[in-house]
Amino acid sequence: MVSWPRRIADVPRSPSALPAAAPFALAIALVLTACSGGVQGRPGASGVRDPYFPKLGNGGYDVTHYGLTFAYDPGTKHLTGTAEITARATQDLSAFNLDLLGLDVSAVTVAATGGDAENARWNRAGHELTVRPHDDLDKGDTFRTTVRYSGTPETLTDPDGSEEGWLRTADGALALGEPTGSMTWFPGNHHPSDKASYDIKVTVPEGLRAVSGGELTDETTLNGRTTATWHTAEPMASYLATVAIGRYDITRSTTENGLPVIVAVDPTQADASREVLASLPEVLEWEEAHFGPYPFSSTGAIVDREGDAGYALETQNRPVFPGAPDTGFLVHELAHQWYGDSVTPKTWRDMWLNEGFATYAEWLWQEEHDGDTADEIFNSLYKGDYFDDPQLDEAVWAFPPAKPSGAAHLSDSPVYERGAMVLHKIRQTVGDDTFHDIIQGWATAHRHGNADTADFTAYVEKSAPDADFGAVWQDWLYGEGKPAKP
Ligand code: TRP
Ligand code: ZN
């Protein structure tokens with residue numbers, strides 16, 4: 001029996017928290033363009049038309065690096081920051097948008113390659129920050145935008161009622177960004193399709209620590225404040241960026257292969273999490289055997305207190321857990337490092353590629369560690385006696401994994417369990433050896449990139465040219481309702 005939800009948030013469902021003001025930003029950008037003489041560029045789009053969050057992200061450029069520097073004081077709840085965003089123009093640009101929700105912007109500059117930073121005009125509408133550089137940018141130009149901003153970052157309530165964005169915790173704060181929360185603490189191109197490297201430098205009152213993904217390159221205390229600098233070299237989607245501020249015990253070790261393991265634990269969780277965290281290298285090694293080489297340059301975990309967040313999140317290199325995780329959760333969030341963090345969905349519709357794989361990783365772990373086999377779990381789900389609540393058993397069939405029935409349902413069980421069932425159907429079709437080649441080869445083929453469901457089905461078909469996946473795609477992946485046969 002398994003209990004649900006995975007996301008512990010038990011807040012009532014509410015409509016989308018995103019303001020629908022983006023069209024105004026585009027309109028203003030168009031007016032600005034029309035007013036200036038001799039302009040060749042046009043404004044970048046204010047969204048990338050994600051099927052579930054159309055105004056997330058922006059068109060016309062591709063971010064390569066974020067340099068984020070900010071100070072946060074849990075006492076005043078105030079953040080003061082500077083974001084340096086390096087990007088390449090993918091069209092001639094007279095204006096472009098960043099996503100930023102709340103906070104006050106005080107200055108924006110743009111520097112084109114080799115040029116000086118020049119003040120830019122900017123305006124805001126909802127979560128769209130429209131920037132109009134002094135000079136147009138040419139397609140192919142690399143440019144650096146610097147945004148100075150400050151204020152009290154907000155907590156967002158998702159369409160499904162859970163909380164993300166900037167969460168205040170018992171002793172500090174925790175930034176969680178799936179699917180839209182990263183816009184509450186830094187301006188950026190906040191859609192999973194635009195991945196970049198990061199340097200995150202955070203100053204907090206002495207006695208607290210600031211923990212993030214990647215590797216700690218410097219930590220200095222001066223005049224009662226501690227500044228920690230974290231470097232993420234491999235491409236990261238902004239929803240996987242995190243900062244955790246509070247009292248943490250930070251331990252650093254290495255796996256047998258020399259991979260740095262950085263674990264930050266709230267002292268109240270130390271006893272409960274010691275054993276499971278000690279197993280992290282072993283879990284990672286087991287996952288490498290199944291999924292191929294670990295895709296990042298360090299690993300670890302952040303363990304906060306139970307009430308600090310309503311769910312765990314696969315933040316890159318260093319997943320966040322609200323309270324000590326059990327082994328299943330650790331297996332799940334670490335599996336996301338391959339499926340989600342390295343191979344990232346092109347849009348939020350492809351979320352099952354994250355959750356189906358991470359759930360299947362749990363099944364495989366159980367199968368190989370004296371638990372139920374994946375086949376037993378699959379059969380129990382099909383029969384409807386898997387969960388401890390019959391309604392949950394029914395909910396598995398609410399919609400097809402590849403077509404969630406709305407933004408409020410992205411983390412419902414069709415994305416998780418039925419997504420994992422799709423993978424099991426593939427395994428049944430091709431046999432264990434080819435199945436392993438497929439899941440490993442998929443992670444290799446799209447390492448550090450983005451992929452969607454059509455990429456996946458094409459990859460599977462190419463890997464097993466003699467097999468027929470017609471019914472698997474039609475009934476299990478795209479079909480409404482419960483498939484007639486298991
Ligand atoms: N991805 C998380 C996990 O499975 C759960 C989660 C957190 C989530 N926030 C979300 C899922 C927002 C969908 C949308 O470990
Ligand atoms: Zn997950």
Side-chain angles (χ1 to χ4, degrees), residues 2-11 13-14 16-18 50-53 56 155-167 174-184 190-192 213 236-242 283 287 291 301-304 308-323 325-345 347-365 395 398-399 401 404-420 423:
V2 170
S3 44
W4 189 264
R6 218 168 278 277
R7 310 181 69 187
I8 309 143
D10 53 0
V11 208
R13 290 189 190 286
S14 67
S16 170
L18 286 182
D50 185 278
Y52 293 83
F53 301 95
L56 278 190
T155 304
L156 293 185
T157 302
D158 281 345
D160 72 358
S162 59
E163 293 195 325
E164 57 155 339
W166 193 263
L167 308 177
L174 175 64
L176 295 180
E178 189 178 33
T180 70
S182 291
M183 63 170 81
T184 65
H190 289 301
H191 188 265
M236 176 165 75
S238 74
Y239 79 93
L240 298 167
T242 189
V283 171
E287 295 195 342
F291 311 147
I302 298 170
V303 182
D304 240 320
D308 287 342
Y311 48 85
L313 188 64
E314 63 267 26
T315 40
Q316 193 154 313
N317 302 97
R318 204 145 293 119
V320 167
F321 300 97
D326 62 19
T327 302
F329 265 107
L330 186 64
V331 167
H332 180 108
E333 304 306 337
L334 290 179
H336 274 308
Q337 303 300 311
W338 284 260
Y339 306 107
D341 296 15
S342 171
V343 183
T344 304
T347 78
W348 287 113
R349 183 168 50 206
D350 307 308
M351 182 71 189
W352 80 276
L353 289 171
N354 290 9
E355 302 306 344
F357 270 93
T359 302
Y360 203 78
E362 293 179 65
W363 298 5
L364 277 176
W365 175 274
F399 57 82
S405 57
H409 301 287
L410 288 179
S411 52
D412 288 2
S413 73
V415 174
Y416 285 73
E417 274 73 26
R418 192 167 159 188
L423 296 177

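Predicted model only: the values in this text are computed from it and were never measured. Indexing begins at 1, ligand by ligand and atom by atom, following the structure's order.
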Mind checking the [atom1]-[atom2] spacing from [X] to [Y]? Nearest 0.5 Å is all I need.
X      : Y      : atom1 : atom2 : result
Ser238 : His191 : OG    : NE2   : 9.5 Å
Phe321 : Ile302 : CZ    : CD1   : 10.0 Å
Glu178 : Met351 : CD    : CE    : 4.5 Å

### Query
Given side chains that start at C-beta, do those of Val331 and Trp363 come closer than 4.5 Å, heavy atoms only?
no
### Query
Would Glu333 count as a contact for the Zn ion (ligand 2), in the sense that one of its N, O or S atoms lies under 2.8 Å from it?
no
### Query
Can we call the ring centroids of Phe291 and Phe357 under 6.0 Å apart?
no
### Query
Below 6.0 angstrom between ring centroids: does that apply to Tyr239 and Trp348?
yes
### Message
Using a plain distance cutoff, I'd like to know if His332 has any nitrogen or oxygen under 3.5 Å from a nitrogen or oxygen of ligand 1.
### Response
yes
### Query
Taking the N/O/S atoms of Glu355 one by one, which is nearest to the Zn ion (ligand 2)?
OE1
Give the numbers and elements of all ligand 1 atoms closer than 4.0 Å to a heavy atom of [X].
X      : answer
Pro179 : 12 (C)
Glu314 : 1 (N), 2 (C), 3 (C), 15 (O)
Ser411 : 11 (C), 13 (C)
Tyr311 : 7 (C), 9 (N)

### Message
Contact between ligand 1 and Phe329 is defined here as a heavy atom of the residue under 4.0 Å from a ligand atom; is it met?
### Response
no
### Message
Check contact between Met351 and ligand 1, using heavy atoms of the residue and a distance below 4.0 angstrom.
### Response
yes
### Message
Ring-plane angle category for His332 and His336, please: parallel below 30°, perpendicular beyond 60°, tilted otherwise.
### Response
perpendicular
